[in-house]
J.: 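Sharing a structure with you now.
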Amino acid sequence: MIYTLNYDSPVGRLLLAEKDGSLIGLWMEGQKYYPASFREEMSEKPDSPVLCQTKQWLDRYFSGNKPQINELPLSPVGSEFRKAVWKILCEIPYGQTTTYGEIAQKMAEDRGLETMSAQAVGGAVGHNPVSIIIPCHRVVGTNGSLTGYAGGMEKKIWLLTYEGADMNGLFIPKKESKIRKKTDVSFFKSLVDQDRCPVVICDLKSEILYMNPSAVENYAKWGGSRLIGKSLLDCHNPQSQEKIQKVLDWFAEEESHNIVYTFHNEKQNKDVYMVALRDGGKLIGYYEKHEYRNPETMKLYDLI
């Protein structure tokens, strides 16, 4: 069971969540991934000791004080990679900022690697489930762009200004490259419609953008074509959801990370893969590809 408490703040209503005596979430109303990673039952519990402690922490924060993160028992849910990034976020002092590139460099050093993808770090920062307290709003682009805040740009600017950060040189970026739902999907459609195996195209939030006819049939019990516009994660159990996110983190780490074998279905004698979709090397989405092991029944070069 996950217990929750609503908190009205200067940046809007916040949803606090705890489980087993630790704070696992703090989301701004309407933010991305609100709260996307939990399938457990939630119940309001305003007298929860952890939630009351967090409320007092926020009261002090929004009164101009600088409460410390280690005053609260935090247990954010995520992959080991994401937890490592969130730990670095907790080291950013009040009134200061750091960049995705600097975090990537520290991650690489900690892991004994030469380099680490700043895009992979960006994915972890953007999925931080404990907003404000784990200060992902203090991360900016290398060129000063105010990018990657799930709570919204206005709230990121408000928080940085409130904390006294130097806003000189920081700016709101143009929209980033992503899958354009009409033009790109039309292109993908021409490639995958003739594939007899299921292909499901998703953006980085796992929203289904297109399903070829075979995929529509394969996912019929979940709604078939009605799944388009919804999350592919809803068709998977929590363990599979976590694995999908780990693969997306892996895709983002290196441009050479592009395909992962994820599952074998013995009953249907098929393998399932996740394949990265990139635009000039930048990860913009992925597709789930099914491959049957059945022998080919078509004749070679049968053009009649």
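Just so you know, these numbers come straight off a predicted model, no measurement behind them. Values reported hereafter were calculated over all heavy atoms of this structure, with side chains retained and with hydrogens, waters and symmetry mates removed. When a residue number appears, it is its place in the shown sequence, counting from 1.
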J.: Just checking, is any N or O donor in the side chain of Y3 or D47 under 3.5 Å from an acceptor N or O on the other one?
T.: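 No, no side-chain donor-acceptor contact under 3.5 Å.
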J.: Determine whether T262 and D271 make a side-chain contact, defined as any pair of heavy atoms from C-beta on separated by less than 4.5 Å.
T.: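 With C-beta onward as the side chain, the pair stays apart.
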J.: Listed by chain and number, what are the ring-ring contact (aromatic ring centres under 6.0 Å, His included) partners of H257, not counting sequence neighbours?
T.: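 For H257 the ring-ring contact (aromatic ring centres under 6.0 Å, His included) partners, ignoring immediate neighbours, are W250.
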J.: Should E207 and K230 count as side-chain neighbours, where that means a heavy-atom distance under 4.5 Å?
T.: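 Answer no - side chains too far apart.
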J.: For R196, does the CZ atom sit with more than 12 other heavy atoms under 6.0 Å from it, leaving out its own atoms?
T.: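 No, because the 6.0 Å sphere around CZ of R196 holds 12 heavy atoms or fewer from other groups.
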J.: Do I134 and Y7 land in one hydrophobic cluster if side-chain heavy atoms of ILVMFWY residues count as linked below 4.5 Å?
T.: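 Yes, it is one cluster - the side chains of I134 and Y7 are joined through contacts under 4.5 Å.
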J.: Set out, in order, the CA-CA distance, both residues' side-chain angles and the distance that settles side chain to side chain contact (heavy atoms under 4.5 Å, CB included) for F263 and H290, then state yes or no.
T.: CA-CA 9 Å; F263 182 67; H290 298 226; over 6 Å; no
J.: Per the side-chain contact (heavy atoms from CB on, under 4.5 Å) rule, which among N143, V140, L146 passes with F171?
T.: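 Of all the options given, the one that passes is N143.
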J.: Could you tell me whether K282 and E255 make a salt bridge, using a distance below 4.0 angstrom between a side-chain N and a carboxylate O?
T.: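 No, this pair does not count.
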J.: More than 12 foreign heavy atoms under 6.0 Å from CZ of R226: is that the case here?
T.: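 Atom CZ in R226 is not crowded, with 12 or fewer foreign heavy atoms closer than 6.0 Å.
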J.: Counting only heavy atoms from other residues, nucleotides and ligands, does the tally under 6.0 Å from NZ of K45 exceed 12?
T.: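 Above 12, so yes.
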J.: Look at the side-chain heavy atoms of Ile, Leu, Val, Met, Phe, Trp and Tyr, link any pair under 4.5 Å apart, and say whether W158 and L26 land in one connected group.
T.: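 Linked within one cluster.
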J.: Consider only side-chain N and O atoms of Y219 and S225, and report whether a donor and an acceptor are under 3.5 Å apart.
T.: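 S225 and Y219 do not have a side-chain donor-acceptor pair below 3.5 Å.
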J.: Looking at S63 and N65, would you say the former's side chain and the latter's main chain have a donor-acceptor pair under 3.5 Å?
T.: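 No; judged by distance alone, with no hydrogens or angles, the pair does not exist.
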J.: Is the shortest distance from a Lys or Arg side-chain nitrogen in E71 or R60 to a carboxylate oxygen in the other one below 4.0 Å?
T.: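 Answer for the salt bridge query: yes.
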J.: Flag the pair R138 / L159 as yes when at least one side-chain heavy-atom distance between them is below 4.5 Å, and no otherwise.
T.: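 Heavy-atom side-chain distance check fails, nothing below 4.5 Å.
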J.: If two hydrophobic side chains count as joined below 4.5 Å and joins carry through other members, does V247 share a cluster with V272?
T.: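 Unlinked, V247 and V272 end up in two clusters.
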J.: Take W27 and L14 through the test side chain to side chain contact (heavy atoms under 4.5 Å, CB included) and record every step on the way to the result.
T.: CA-CA 6 Å; W27 301 274; L14 308 178; over 6 Å; no
J.: So how far is it from L58 CG to I133 CD1, rounded to the nearest 0.5 Å?
T.: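 It comes to 5.0 Å.
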J.: Are any of the side-chain heavy atoms of N212 and V216 separated by less than 4.5 Å?
T.: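 No. Closest side-chain heavy atoms not under 4.5 Å.
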J.: Say whether D234 and S231, considering side chains only, have a donor N or O and an acceptor N or O under 3.5 Å apart.
T.: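 Short answer, no.
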J.: Taking the side chain as C-beta and beyond, is there a heavy-atom pair between D166 and Q96 under 4.5 Å?
T.: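 Result no, sub-4.5 Å side-chain heavy-atom pair not found.
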J.: Using 4.0 Å as the upper bound for N to carboxylate O, is an ion pair formed by K55 and D59?
T.: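 Salt bridge: yes.
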J.: Check the side chains of Y94 and Q68 for a donor-acceptor pair under 3.5 angstrom, ignoring hydrogens and angles.
T.: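 Result is no, nothing qualifies.
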J.: Taking NZ, NE, NH1 and NH2 as the nitrogens, is one of them in E291 or K289 under 4.0 Å from a carboxylate oxygen of the other?
T.: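 Salt bridge flag = yes for K289 with E291.
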J.: Answer yes or no: does atom CD of E109 have more than 12 heavy-atom neighbours from other residues, nucleotides or ligands under 6.0 Å?
T.: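 Correct, the count exceeds 12.
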J.: Show your working on side chain to side chain contact (heavy atoms under 4.5 Å, CB included) between L227 and C235 and close with a plain yes or no.
T.: CA-CA 9 Å; L227 288 171; C235 301; 3.9 Å; yes
J.: Any side-chain heavy-atom pair from F62 and I132 closer than 4.5 angstrom?
T.: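 They are in side-chain contact.
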